[in-house]
Amino acid sequence: MALCKAKTKRGPCKKHAIAGGAVCRTHGGSAPQVKEKARLRLLALVDPALAVLAKAIHPQSKMADAVQRKAATEVVARVCLYLENKSTAI
């Protein structure tokens with residue numbers, strides 16, 4: 001995780017920034033608009049990541065079998081997590 005970009009009187013903040021954000025909770029990371037922007041930044045990474053995983057899983061990929069299995073496992077785990085979160089949100 002990246003460190004917070006905020007600066008304090010004692011120098012740069014040493015806390016970790018929120019996921020997808022540039023600042024920690026103390027320096028604005030818990031504000032609703034900051035959380036929403038961070039969420040959108042993380043969502044923007046999903047499609048490119050799935051494209052990379054799709055290439056790795058493809059039968060004619062030159063990646064090692066172990067890498068292909070790991071990629072497939074990651075895709076399944078993420079989809080299951082997504083579906084689990086969707087069912088609890090209803």
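Note that the numbering runs from 1 along the sequence shown for the chain.
- Of all heavy-atom pairs spanning G21 and A38, the tightest one is N-CB, 3.9 Å.
- Closest heavy-atom contact between S30 and K35: O-CE, 3.6 Å.
- To the nearest 0.5 Å, atoms NZ (K7) and NZ (K5) are separated by 8.5 Å.
- The line from CG of L3 to SG of C13 is 8.0 Å long, rounded to the nearest 0.5 Å.
- Interatomic distance, I18 CD1 to R41 CZ, rounded to the nearest 0.5 Å: 8.0 Å.
- T26 and K15 are linked by a side-chain donor-acceptor pair at a separation below 3.5 angstrom, with hydrogens and angles left out of the test.
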- Task: Quick one: do C4 and H16 satisfy side chain to side chain contact (heavy atoms under 4.5 Å, CB included)? Show the steps, please.
- Result: CA-CA 5 Å; C4 178; H16 290 284; over 6 Å; no

